[in-house]
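Since the structure is predicted, the reported quantities are computational estimates derived from the model, not experimental observations.
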Amino acid sequence: MVTGPAGNPPADVVTFGETMAAMRSSGPLRLGGTLGLSIAGAESNVAIGLARLGHRVAWSGRVGDDEFGALVLRTLRAENVDVSDAVTDPGRPTGLIVFERRTADITRVRYYRSGSAGGALQPGNPAIPMPNGSGLLHITGITPALGQEAASAVLSAARRAAEAGRAVSFDVNYRSRLWPAARARAALYPIAATASIVFGSEPELALLTGDPPVGARAA
């Protein structure tokens, strides 16, 4: 059971996945543009949004034992998201994403996540708390792209939630820069099969099934 912040009732929604530190430049980095620091992660973005709407939410994942990891946890706590089941990894750094504003219309994105704590998720580590009662587990297709163990961790969490009678919400969120379509489909299709709700564009649904399912509505 997830206990909410400051002894609040258990969470209605649990999100599970990678969260990184995020730097956003005001201009080209080589010209010394200033950088703003925040956090980024599809699952933690959902957690923050739901918490702002008044839901009881928890986020579970791994961060490094560094200042970036502390920023992730502090930011989520400040948004009233429970992070009591998150793991701080003493041997791996928190991942980093840099948004470089090249021109007014062009932003270049670079990831620095090789060997990061967020990619070291394993089935049962961290232990994913189940939502309370008829609650919901939300996951995405980004974290499974970080490696086989991370993909297995997400699938294990989804299956455990479904077996416990909880709803599973799955956002396909396919990123071609992270992995090829064939490998993505092999990993994501079993996860989607556990889900009560699947979010995806028409190309993402086609990636999973070969053809968008009858009656499917692109999100």
Using salt bridge (charged side-chain N to carboxylate O under 4.0 Å, His left out) as the criterion, list what pairs up with [X], not counting sequence neighbours.
X	value
R113	E18
R159	none
R74	none
R52	E79

What is the minimum heavy-atom distance between [X] and [Y], and which atoms define it?
X	Y	value
S196	A167	OG-CA, 3.4 Å
A158	I139	CB-CD1, 3.7 Å
L121	R62	CD2-CG, 3.6 Å
L137	A161	CD2-CB, 3.8 Å
I191	P144	CD1-CG, 3.9 Å
T143	G17	OG1-CA, 3.3 Å

Using the test side-chain contact (heavy atoms from CB on, under 4.5 Å), find all partners of [X] that sit at least two apart in sequence or belong to another chain.
X	answer
S114	none
A164	R166
S152	P123, Q148
R24	A22, S38, F99

Show me, pair by pair, the donor-acceptor contacts under 3.5 angstrom made by side chains of residues 168-180, not counting sequence neighbours?
residue : atom : partner : partner atom : Å
S169    : OG   : H138    : ND1          : 2.9
D171    : OD1  : N173    : N            : 3.4
N173    : OD1  : R175    : NE           : 3.0
N173    : OD1  : R175    : NH2          : 3.1
Y174    : OH   : W179    : O            : 3.0
Y174    : OH   : A181    : N            : 3.1
R177    : NH1  : V109    : O            : 3.4
R177    : NH2  : V109    : O            : 3.1

*Can you run down the salt bridge (charged side-chain N to carboxylate O under 4.0 Å, His left out) pairs that involve residues 100-112, sequence neighbours left out, and say none if there aren't any?*
E100-R102, E100-R108

*salt bridge (charged side-chain N to carboxylate O under 4.0 Å, His left out) pairs, two or more places apart, involving residues 138-157*: none

*Can F68 be reached from V87 by stepping across I, L, V, M, F, W or Y side chains whose heavy atoms are under 4.5 Å apart?*
no

*Do L155 and L146 sit in the same hydrophobic cluster, where Ile, Leu, Val, Met, Phe, Trp and Tyr count as joined when their side-chain heavy atoms come under 4.5 Å apart?*
no

Mind checking the [atom1]-[atom2] spacing from [X] to [Y]? Nearest 0.5 Å is all I need.
X	Y	atom1	atom2	answer
I39	I97	CD1	CD1	12.0 Å
L35	M23	CG	CE	6.0 Å
L76	T19	CG	OG1	6.0 Å
T75	L71	OG1	CG	4.0 Å
L53	I48	CG	CD1	12.0 Å
T140	E43	OG1	CD	3.5 Å

*Judged by atom type as modelled, is there a donor-acceptor pair below 3.5 Å linking the side chain of S26 to the main-chain atoms of T34?*
yes

*Intermediate values then yes/no, side chain to side chain contact (heavy atoms under 4.5 Å, CB included), L205 and V198*: CA-CA 9 Å; L205 296 176; V198 176; 4.2 Å; yes

*For atom CD of E67, is the number of surrounding heavy atoms from other residues, nucleotides or ligands below 6.0 Å larger than 12?*
no

_If you count every heavy atom of other residues, nucleotides or ligands that lies below 6.0 Å from Y111 atom OH, does the total exceed 12?_
yes

_Assess the residue pair V46 and V13 against the criterion (side chain to side chain contact (heavy atoms under 4.5 Å, CB included)); give the C-alpha distance rounded to whole Å, side-chain angles, the decisive distance to 0.1 Å, and a yes or no._
CA-CA 10 Å; V46 169; V13 178; 5.7 Å; no

*Report the hydrophobic cluster partners of I106, with the cluster defined as I, L, V, M, F, W, Y residues connected by side-chain heavy atoms closer than 4.5 angstrom, directly or transitively.*
none

*Just checking, any donor-acceptor pair under 3.5 angstrom between side chains of D66 and T94?*
yes

